[in-house]
> 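Would you mind keeping the following structure in view while I ask a few things?
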Amino acid sequence: MKREEIVKNRHFVADKRWFLPIAIAGLIAGAILISSFIKTADYSLLCSLAKTRSKAVDEYSATPIQLEAIIHYATSQIVPQQNFGEISVTFDVLKKRSPCNFLVFGLGYDSLMWTSLNPRGNTIFLEEEPKWVQTVLKDAPSLHAHAVKYRTQLKEADNLLSHYRSEPSCFPSKAYLRGNEKCKLALTGFPDEFYETEWDLIMIDAPRGYFAEAPGRMAAIFSAAVMARNRKGSGVTHVFLHDVDRKVEKVFAEEFLCKRYLVKNVGRLWHFEIPPAANMSSHDGARFC
């Protein structure tokens, strides 16, 4: 290969590395611009007073964490776990639901992005590695994160499915989370905020699930289904599950989140819209789906 071709290829690879961070920065900037334009226009139609319009602009201007996120992704070559198409699925929902309660399983390179896309909302992250929480928060102290412990291991996945089908405290009509020690799939011992908040969006991109002793995402998927079914507020709960190309994620999603509630499938991401149990035609059985 000629020297000129080698240099050209290197530039091409570098350009690809920079694409996603720049795209994310643009996504955040676009969200700020759209929100400001729409909200200010709404106020202009309703009220012609300059003072009111000024207040509207101030209210919907960029938050500090959004500006921090734009700078971070515009100057970083480290890319999030999800690709642009997968990120856009959640972003489309956030544009309609934000500010909202957004629960994210996992803490990583995309956390600043998720928080900035839910300005003035409540976004929290649950992470299994306490040292990693400290590392991330050192660079981004504005993030709201908790270190948590899981009771499961990936190698137990098949046994956990059998357990749920025979344990009444796991049944959809009786399932609860806080203090439910009998149901091995229920997330227990988590921060009070986890149980006391009604989550509008739930992103499952953790814990680790690629080796036998890893916690796996079995309990996170089950618990997301329980929280969605127990929703008291209006509307559905949006659940986003990443890495559905892996067997355990796919099997547990089909068992608890239900294929009939799957509304979008992009790359390795599935998006479910789960209604409260009260709005389901049948919710008294021993199976979720």
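All heavy atoms count here, side chains included; hydrogens, waters and symmetry mates do not.
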> For Asp158, look at atom CG and say whether over 12 heavy atoms of other residues, nucleotides or ligands are found less than 6.0 Å away.
no
> Can you confirm whether Met203 sits close enough to Phe102 that some side-chain heavy atom of one is under 4.5 Å from a side-chain heavy atom of the other?
yes
> Considering all heavy atoms of both residues, which atom of Glu198 and which atom of Lys232 are nearest to each other, and what is their separation?
OE2-N, 2.6 Å
> Taking atom types as modelled and ignoring hydrogens, do the side chains of Trp114 and Asp110 form a donor-acceptor contact shorter than 3.5 angstrom?
yes
> Just by distance, with hydrogens left out, do Asn265 and Trp270 show a side-chain donor and acceptor under 3.5 Å apart?
yes
> Would you please indicate yes or no on a ring centroid separation below 6.0 angstrom for Phe222 and Phe256?
yes
> Check whether any side-chain N or O of Tyr261 sits under 3.5 Å from a backbone N or O of Pro275 as a donor-acceptor pair, and report yes or no.
no
> Mind listing the closest non-hydrogen atom pair of Leu262 and His271 along with its distance?
CD1-O, 3.4 Å
> Okay, side chain of Thr152, backbone of Pro215: is any donor-acceptor separation there less than 3.5 Å?
yes
> Counting only N and O atoms by type, is there a donor-acceptor contact under 3.5 Å from the side chain of Glu127 to the main-chain atoms of Glu129?
yes
> Side chains of Ile124 and Thr197, heavy atoms from C-beta outward: is any pair under 4.5 Å?
no
> Side chains of Gln81 and Arg268: closer than 4.5 Å at any heavy-atom pair?
no
> Relative to each other, are the rings of His238 and Phe240 parallel, tilted or perpendicular (30° and 60° limits)?
parallel
> Which pairs with one or both residues in residues 138-217 pass disulfide bond (SG atoms under 2.5 Å apart), sequence neighbours excluded?
Cys170-Cys183
> Please check: side-chain N/O of Asn101 versus main-chain N/O of Asp200, any donor-acceptor pairing under 3.5 Å?
no
> Would you say that Tyr164 contacts Phe252 through its side chain, given a criterion of any heavy-atom pair below 4.5 Å between the two side chains?
no
> Taking side chain as C-beta onward, heavy atoms only, is His146 less than 4.5 Å from Phe194?
no
> Do side-chain atoms of Arg217 reach the backbone of His242 as a donor and acceptor pair under 3.5 angstrom?
yes
> Where do Ala175 and Asn230 come nearest, in terms of heavy atoms and distance?
O-ND2, 3.8 Å
> About how many Å separate CZ of Phe272 and OG1 of Thr237, when rounded to the nearest 0.5 Å?
13.0 Å
> Hey, what do you get for OG (Ser111) to CG (Asp139), rounding to the nearest 0.5 Å?
12.0 Å
> Determine the minimum heavy-atom distance between Glu128 and Tyr150, stating which atoms define it.
CB-CE1, 4.1 Å
> Closer than 3.5 angstrom, by distance alone: can the side chain of Glu86 be matched with the main-chain N or O of Asn83 as a donor-acceptor pair?
yes
> Quick one, Glu193 and Asn122 - any side-chain contact, counting heavy atoms below 4.5 Å?
yes
> Could you check whether any side-chain N or O of Thr115 sits under 3.5 Å from a backbone N or O of Leu112, counting only pairs where one atom can act as donor and the other as acceptor?
no
> Could you tell me if the side chain of Tyr210 sits less than 4.5 Å from the side chain of Arg208, heavy atoms only?
yes
> List the steps, then state whether salt bridge (Lys or Arg N to Asp or Glu O under 4.0 Å) holds for Glu181 with Arg151.
CA-CA 10 Å; Glu181 301 293 339; Arg151 299 189 291 162; 3.3 Å; yes
> Would His163 and Glu156 satisfy side-chain hydrogen bond (donor to acceptor under 3.5 Å, both in side chains), going step by step from the backbone distance to the final call?
CA-CA 10 Å; His163 162 76; Glu156 303 169 337; over 6 Å; no
> Main chain of Ala219, side chain of Ser223: is a donor-acceptor contact present, judged purely on distance under 3.5 Å?
yes
> Indicate the atoms forming the closest heavy-atom contact of Leu154 with Gly216, along with that distance.
CD1-CA, 4.2 Å
> Would you confirm whether Asn180, through its side chain, and Thr188, through its main-chain N or O, come within 3.5 Å as a donor-acceptor pair?
no
> Side chain of Trp199, backbone of Val104: donor and acceptor closer than 3.5 Å?
no
> Nearest 0.5 Å please: distance from the SG atom of Cys100 over to the CG atom of Leu201.
5.0 Å
> Between Arg97 and Val236, which heavy-atom pair has the shortest distance, and what is it?
NH1-O, 3.6 Å
